[in-house]
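For reference, the structure discussed in these notes is given below.
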Amino acid sequence: MQSSQQESEANPLCSLELPVVRHDWNRAEVEALFALPFNDLMYRAQQTHRLFFDPNRIQLSTLLSIKTGACPEDCKYCPQSGHYNTGLEKEKLMAVETVLERAKQAKANGATRFCMGAAWRSPTDKDLSHVIQMIRSIKALGMETCVTLGMLSPEQSRELAAAGLDYYNHNLDTSPEYYGDIITTRTFSDRMDTLANVQEAGINVCCGGILGMGESVRDRASMLRVLANLPEHPGSVPINLLVRVKGTPLGETEELDPLEFIRTIAVARILMPRAHVRLSAGRRQMDELHHTLCFMAGANSLFLGEKLLVTPLPDSDEDMALFDKLGMKREEKEVEPLYYDAAAG
C-alpha cells in the first residue's frame, strides 16, 4: 500500500487542501483573477476543478421551450421578446404528454436533467399548475428537473418545491451596473428577489449570465461576484455566449474574443468550486478547440440537443465525437423516480 507521501508524489494535486468555499469575495479580488496571465489562471482553475470533480466527466442536460415567443420583457438579446421583429413564430404552452415524450427522448440520448423554459414575465396560477404536472411526470422517469418561468413569488416557489422541482433557472444576465443597458422592463433587484424566493423554498438555483453583449471585463467580474456571494452558490452556473439574432438590438454586436469567454469560465470555476459550470447558448459558434479550452478551464456541463430554447446547438453526434477525442465520459447520476399519486392530491 502506498504511503500518503508516495501518493502525493504520484499525484501532486493529492497534497492540496480543499479551498475554503467563500461567499465574501470583494471586487478587487475577482478583478485580480481576470487579470492573471492566461496560463496561471487556467492552472488555478484546473487545480480547483480536480479537487471537487472528475475532470473527465461532463454533465448533460436538455432544455426545451415549452412556451415560445411574445414575452413582454425587452431583453435586448432575446428573439422571444414581443418588442422585436425576429420572425419567430409564437407557440402556446405545450401539452404535458408532448413534453413527456421529449423528456424520454432526452434521457435516451444521455441527459440526466430535463429543463423547461417558458417565455413569461411570471407564470399565472393556471400556467404554474400545468408546469407542475410536467415536473411530476418527468420526475417519474428518474430525471432531474429544472424550469425557467420568469419571476416567482414566495408562494409559487413553495408550490414548485412541493412538486419536487430540483432546479430553478433565473439568470442575472449581466452585472448590476450594466443591467439597465440590456433590460428596462424589470430591475436587477427583481432578479435577486426571485433567487431569494427560490432558495428560501429549498430549490437549487441555476444562475449565470451572457457574455458578448458589449459589457466590460469589470462587468463580468461584478456579475460573478454577485453569484459567488449568494448565501448558497448556484448548483449550476450557465455561461452563455451571445447569439446575435437579427432583429434584436444586439444583433450586430461585435463578436467576443474566445479567450475572454474562457477566462470567465475559469474565474467562475475558482469562485464557485462546487458548481457545475455549464456551456449554454452560443456553442454553435464555438469550434472544438474553443470547447476543449472551456473544459480545461473548468466547464463540466453542457446542453445537448437541437436547440437551446430557440437558438441552435451543435449536432449531438459532434459533441459525442469530441468527448471521444478528449477521453471524456458523461456524468452518471442516479435519480430516484418520484411517483405521484394523482388520486391522493
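Values below: all heavy atoms of this structure, side chains included; hydrogens, waters and symmetry mates excluded.
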Item to check | Full working for side-chain contact (heavy atoms from CB on, under 4.5 Å) between Glu29 and Arg22 | outcome: CA-CA 12 Å; Glu29 289 175 311; Arg22 294 176 52 189; 2.9 Å; yes
Enter the distance from [X]:[atom1] to [Y]:[atom2] here, rounded to the nearest 0.5 Å.
X      : Y      : atom1 : atom2 : value
Tyr168 : Ser157 : OH    : OG    : 7.5 Å
Leu250 : Thr248 : CG    : OG1   : 5.5 Å
Leu41  : Thr264 : CG    : OG1   : 9.0 Å
Asn169 : Asn204 : CG    : CG    : 12.5 Å
Ser137 : Phe114 : OG    : CZ    : 11.5 Å
Lys325 : Thr292 : NZ    : OG1   : 8.5 Å

Give me the atom names and distance for the closest heavy-atom approach of [X] to [Y].
X      : Y      : result
Ala163 : Ile132 : CB-CG2, 3.7 Å
Leu271 : Ala228 : CB-CB, 3.8 Å
Gly282 : Val243 : N-CG2, 3.6 Å
Pro72  : Arg121 : CG-CB, 3.7 Å
Arg278 : Ser301 : NE-OG, 2.9 Å
Glu232 : Gln199 : O-NE2, 2.9 Å

Look only at the side chain of [X] and the backbone of [Y], and say whether a donor-acceptor pair between them is shorter than 3.5 Å.
X      : Y      : answer
Arg50  : Asp54  : no
Thr48  : Pro273 : no
Arg330 : Ala111 : no
Arg113 : Tyr167 : no
His170 : Met192 : no
Glu177 : Asp219 : no
Asp190 : Thr187 : yes
Ser122 : Leu152 : no
Tyr178 : Met213 : yes
Arg269 : Ala275 : yes

Next on the checklist: Is there a side chain to side chain donor-acceptor pair (under 3.5 Å) between Gln285 and Arg244? Walk through the geometry before answering.
Outcome noted: CA-CA 10 Å; Gln285 302 156 235; Arg244 297 169 295 169; over 6 Å; no
Checklist entry - Is there a side chain to side chain donor-acceptor pair (under 3.5 Å) between Asp173 and Tyr77 once you walk through the steps? => result CA-CA 10 Å; Asp173 291 339; Tyr77 57 82; 2.8 Å; yes
If we only count heavy atoms from C-beta on, is the [X] to [Y] side-chain gap below 4.5 Å?
X      : Y      : answer
Thr174 : Phe188 : no
His290 : Arg283 : no
Ile265 : Leu279 : yes
Val226 : Pro176 : yes
Arg274 : His233 : no
Met42  : Leu36  : no
Val147 : Met134 : no
Gln156 : Pro123 : yes

Side-chain heavy atoms nearer than 4.5 Å, only ILVMFWY residues, links allowed to pass through others: does that put [X] and [Y] together?
X      : Y      : result
Leu195 : Ile210 : yes
Leu322 : Met286 : yes
Leu230 : Met151 : no
Phe38  : Ile239 : no
Val217 : Val30  : yes

Next on the checklist: Can you classify the ring geometry of Phe323 versus Phe295 as parallel (below 30°), tilted (30 to 60°) or perpendicular (above 60°)?
Outcome noted: tilted
Item to check | salt bridge (Lys or Arg N to Asp or Glu O under 4.0 Å) between Asp166 and Lys139, worked out | outcome: CA-CA 9 Å; Asp166 297 292; Lys139 291 287 287 185; 2.9 Å; yes
Item to check | Residues Ser61, Met143; criterion side-chain contact (heavy atoms from CB on, under 4.5 Å); working and verdict | outcome: CA-CA 10 Å; Ser61 301; Met143 297 185 79; over 6 Å; no
Next on the checklist: Show, in sequence, the C-alpha distance, side-chain angles and deciding distance for Val277 and Met272, and conclude whether the side-chain contact (heavy atoms from CB on, under 4.5 Å) test is met.
Outcome noted: CA-CA 9 Å; Val277 178; Met272 293 166 280; over 6 Å; no
Checklist entry - Just wondering, more than 12 heavy atoms not from Met320 lying within 6.0 Å of its CE? => result yes
Checklist entry - Are more than 12 heavy atoms from other residues, nucleotides or ligands located less than 6.0 Å from atom CG of Asp125? => result no
Checklist outcome for this item: Those residues at least two apart in sequence (or on a different chain) that pass side-chain contact (heavy atoms from CB on, under 4.5 Å) with Leu256 are Leu211, Arg220, Leu241, Glu260, Phe261
Item to check | Working for side-chain contact (heavy atoms from CB on, under 4.5 Å), residues Leu172 and Cys207 | outcome: CA-CA 7 Å; Leu172 296 181; Cys207 188; 3.7 Å; yes
Checklist entry - Pick one: which of Val131, Ile135, Val198 meets side-chain contact (heavy atoms from CB on, under 4.5 Å) with Leu165? => result Ile135
Next on the checklist: Between Arg57 and Glu331 (salt bridge meaning N to carboxylate O under 4.0 Å), is one present in this structure?
Outcome noted: no
Next on the checklist: My understanding is that only one of Arg263, Arg218, Arg225 makes a salt bridge (Lys or Arg N to Asp or Glu O under 4.0 Å) with Glu31; could you say which?
Outcome noted: Arg218
